[in-house]
Structures are given as C-alpha cells and as structure tokens.
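Treat the numbers as computed from the prediction; the structure is a model and nothing was measured. Numbered from 1 within each chain, the chains take letters A, B, ... in sequence-line order.
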Amino acid sequence: MAAPQKDVFRLGFVGAGNLAESITRGVVRSAVLPATSIRTTHHRADRRSLFASFGCRILETNAQVVEDSDVVIISVKPQIVRQVLTELKPFFTKDKLIVSIAAGIKMKDIKDWSGKSRIIRVMPNTPSAVGLAASVFCTGETATKKDEERVSKLFGAIGKVWTADEKYFDAITGLSGSGPAYIYLAIEALADGGVAAGLTRDLALGLASQTVLGAAAMVNQTGKHPGQLKDEVTSPAGTTIAGIRELEKGAFRASLINAVVAATDRCRELSQS
Amino acid sequence: MGEALLAGLLAGGLSPAEVRVGEKRPDRAAQLTERHGVSVLPNTEAVSGADAVLLVVKPQDMGDVLAEVGPALGAGTLVVSLAAGITTGFIEARVPDGLPVVRAMPNTPALVDEGMHAIAPGSHCDEEHLARVEEMLATTGKVARVPERQLDAVTAISGSGPAYLFYVVESMIDAGVTLGLPRATATDLVVQTLTGSAKLLAETGEHPTVLRERVTSPGGTTAAAVRQLEDHRVRAAFMTAMEAAATRSRELSGE
C-alpha cells in the first residue's frame, strides 16, 4: 500500500510580523510544510532576511505572494486589513483560501473587501510565539473541508485548535485573546507574595511561573476537573486551604469572571464602532 | 431530640419494655408513656441496671445530672451523651472508672429520620461500643465516626448546618416574592428545589461542582446569578461563618 500523500500546499503571508513568524517557525519545526512552501514579503530588509533564513521564498509584492499561494494568511494589523484586501482584490481567485487572523474583523467584512467567501477566520493568542497558542477558527460560506484541515494543521503547529461559530469570537477574545495578560498579573502577584513571605525575587518569579505552567499542564494532561484537582491538594486545615480562603475572601473567582466578561463587552463595542 | 431518638429506637425494633426514661416533669412523663408505652422513672432508677444510658439533657444541666446518676451506673454500662460541648473527659471524671463513654453530635433532621449523627469515642471505648451506638442512632439518620477533636468542626457543619440552609431558603423565598411570586408558591418552589438538589447529590455521587456546571448553560441565567454570588463573596462568607461556629463550639466546651 502506498504511503499517504502528504498535503503540501503553497502558504503565503501578507504581513510578515510576529504571528507570521511564530506560525512559520512552528510549521517548519513540525514539518507540516517544508519552508520552501512558504512565501512572503516585507518592506524591511531585516524581516525579509529573517524569513529567508528559515528557508522561505521572499517575493517583491503582496500581490505576488497572493498569486503564488494556495492559502493566504492575512497577518497585517487590523486597521490596515481593509486597505490591503481592497488592493489585493483582483488577485484573490476562487481556488485560493483566505485566512484572516485580524482581531475584531468579521468574515462579512473580509468577504466585502476581498470579494470572496472562501474564508477562514482565526483568533490565535500571543503564546503562539512559544508554540502554546489557543486558536479558534470559524469558516466562511465556501470554505471546504480540506481548507479546514489545512488551517487545523497550520495552527496546530503552534498550539491547540478549536472551531466555533463566529458569534462566540468576542467571548473568545475576552478569554483566550486577553487571557495571557490576566495570568501575567497572577504570576506577578504570586511572585510578590513570595517576596512578601521572604523569598528572593528571582526564586519567587521562577516558582510562580512554573507553578502556573504546571497547574495548567495538570488540567490538560490529567483530564480531571480543576475543582477535583483543587480538592486533591487541599488537606484538612492545611496550608493550601488557608491560601484558598484568602482568595475566596478576595473574590478571586469573581475578579476573573468579571475580567472575561468586561473584555468580551469591550471587544463587542470596538467591533461595532 | 430525645423523643426523636426514642421513637427511632422503638421503630427499629426495641421493645418499650426495654426502655426506661428519666424525666422529671410529670406532664412530659405522662406524654412519653402515652405516646410510646415506655415507663418513666426518677433518673437514678431509670439508669439502674441499664446496659446503655443515653444522656439527652442540656449542656448546662450535665454537671448536676452526672452527679445524680453517676454513682448509680453499673460496671460496663455504655454511656452516650448528646450534650453539645460536653467532652468525654468531663463525663469520664463524673462516672465510675473505666465506663465506655461515647459522645454524639446529632442534628435536628433526626426528627424526620434524616439526621446526621457524628460519634466520637472516649478513652475506654472499643469497636463494639461504637458499633452499638451506631446501631442506635442509625434508626434516625446517618452516622459518621470522628475523633473527638473534630467535633467542633462537625458542630459547625452538620450541627448548625440546617440553620444555614434555612437561611438560604429564607433568602430565596424573599427573592421569589421580590420577583413577584406569591409567598406560598415561592416557598413550595424553594423547598422542593432544596430537597431535589440534595437527593441528586446524594444519589448520583457526582462532585457538586459538576452538578452546578450542568445547570449553568453558556451565557444563561445561572451563570448570571453565580456571578453575583461570586461578586458578593458568598463562598468566603460561608467559610468564615463556619469558622465562627467552630470557634464558638470550642469556647463553649472550654467554659
């Protein structure tokens, strides 16, 4: 029996910024695509040479990138997406998939500006830089199953991937989009607690971030409910439950719930303006 | 409470002829004889020759009662005390040496045979004594064995516990009325919701968080309400409430 054909397609980045870089590194490292399948361009020489150093094909213009790609990731800043799509409209042919990672830009807008509906919208998050992104995608009217598989593989190379209806994207932004910042706060505060309790800053910070990483890994890898994991480490009248008592008194849970809801509301406001 | 336990024991198969009740008040004594067919005698006669003695008197009367009946207790008599805050040490000091003493913390739903009884052994207790007390109390609810040092916490949880739940019930009924329900309707809704939820928890054995999450649909009414509870730090309120109860229990047993 013949070995299954690997799906090698031409991937183009319009906008060779941080997310394009993270995806490229992940895709090449996990051999989802050879580097030579990836093409991009940038007005800055340092960005061009960085992508060249990965083995990617460097072109002159965004139009060339689109023409030379099967899947085009629009990774420019949200405020210039409209301008870029309008300029590239003639080059988006029906055989190409448009993937947008622009926060707050709806598929309807992408469709209006590009003239096409073979679209997938993805909301990744900043830990894509370390291959631990939480990405969610929704699909446009004429995107195919194969398009979905390709997007899953691409974003699977930088973390975990889920699919959801576009109507949930404000909440997704509020949770996984903004979420890393909430946790940075928590890590800072845990470290402050360590220092208050007598530890050096270096040790406190190292312990704080590793503890957060470890706890998250426990949830992901054991498949146990976080409430159960909490139960398992809170022995009667012990140290942990004494700490949790303080968190409950401080409305820790409410703070996080309200943060996610507030960020969701703000995202909705911004996308309506 | 004493009568509830008595009724439970009789329903569980104990014959009235095997029970003697010490009760000073003549009207109460007559009532007990009439209802349960048991003989009512002065305390010292009631305990004389008994295999087991249940002391269901108020904590503040325990000193006097033990002074009275202590000398009348025969060797090997099992002494069971339901007096809150009275330690096995206190009792052992006032009864003949070596008597097995068990301390029990019941709760009011024993009145409807859904009590939660915690029992703690004194210094001269063995497995057989605890098993006998378990058997006696099992007729009116569930029984848990705990070391005596945990009884203050038990008092805070299951002893006073029904009060916290009645407190929640009161609040929910008032909320229902605020939202426009007739009080009688609100009461029926809340009481059955409490009963049903407790049953769901007990029978499925599921983690309460999991059961809560099952009722909490995305962006729904439950999520909105729970958010308010979190904002109001209700979890912390329950924690500190129970700590206060346990502290008070410790204070009372020290007095």
Counting only heavy atoms from other residues, nucleotides and ligands, does the tally under 6.0 Å from [atom1] of [X] exceed 12?
X	atom1	result
Y182(A)	OH	yes
E114(B)	CD	no
D165(A)	CG	yes
E135(B)	CD	no
K153(A)	NZ	yes

Exercise. Can you list the steps and then say if V261(A) with R227(B) is a side chain to side chain contact (heavy atoms under 4.5 Å, CB included)?
Worked result: CA-CA 10 Å; V261(A) 173; R227(B) 212 177 143 205; 3.6 Å; yes
Quick one: [atom1] on [X] to [atom2] on [Y], what's the gap to the nearest 0.5 Å?
X	Y	atom1	atom2	answer
H207(B)	Q228(A)	NE2	CD	6.5 Å
T240(B)	R245(A)	OG1	CZ	6.5 Å
E246(A)	M239(B)	CD	CE	10.0 Å
I244(A)	R235(B)	CD1	CZ	10.0 Å

Exercise. Which region of D231(A), side chain (C-beta onward) or backbone (N, CA, C, O), has a non-hydrogen atom less than 4.5 Å from a non-hydrogen atom of chain B, or is it both or neither?
Worked result: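 When you check distances to chain B, only side chain atoms of D231(A) fall under 4.5 Å.
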Problem set entry | Part of E213(B) lying under 4.5 Å from any heavy atom of chain A |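 Contact with chain A is through the side chain of E213(B) alone.
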Problem set entry | Heavy-atom proximity to chain A below 4.5 Å, by part of Q228(B) |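 Q228(B) has no heavy atom closer than 4.5 Å to chain A.
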For this session: Give a yes or no answer on whether the side chain of R253(A) reaches the backbone of E230(B) with a donor-acceptor pair at less than 3.5 Å.
Result: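 It does not hold such a pair.
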Exercise. When only pairs under 4.5 Å are counted, which of G250(A), P236(A), G227(A), A237(A) shares the most heavy-atom pairs with chain B?
Worked result: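 Answer, by heavy-atom pair count under 4.5 Å with chain B: G250(A).
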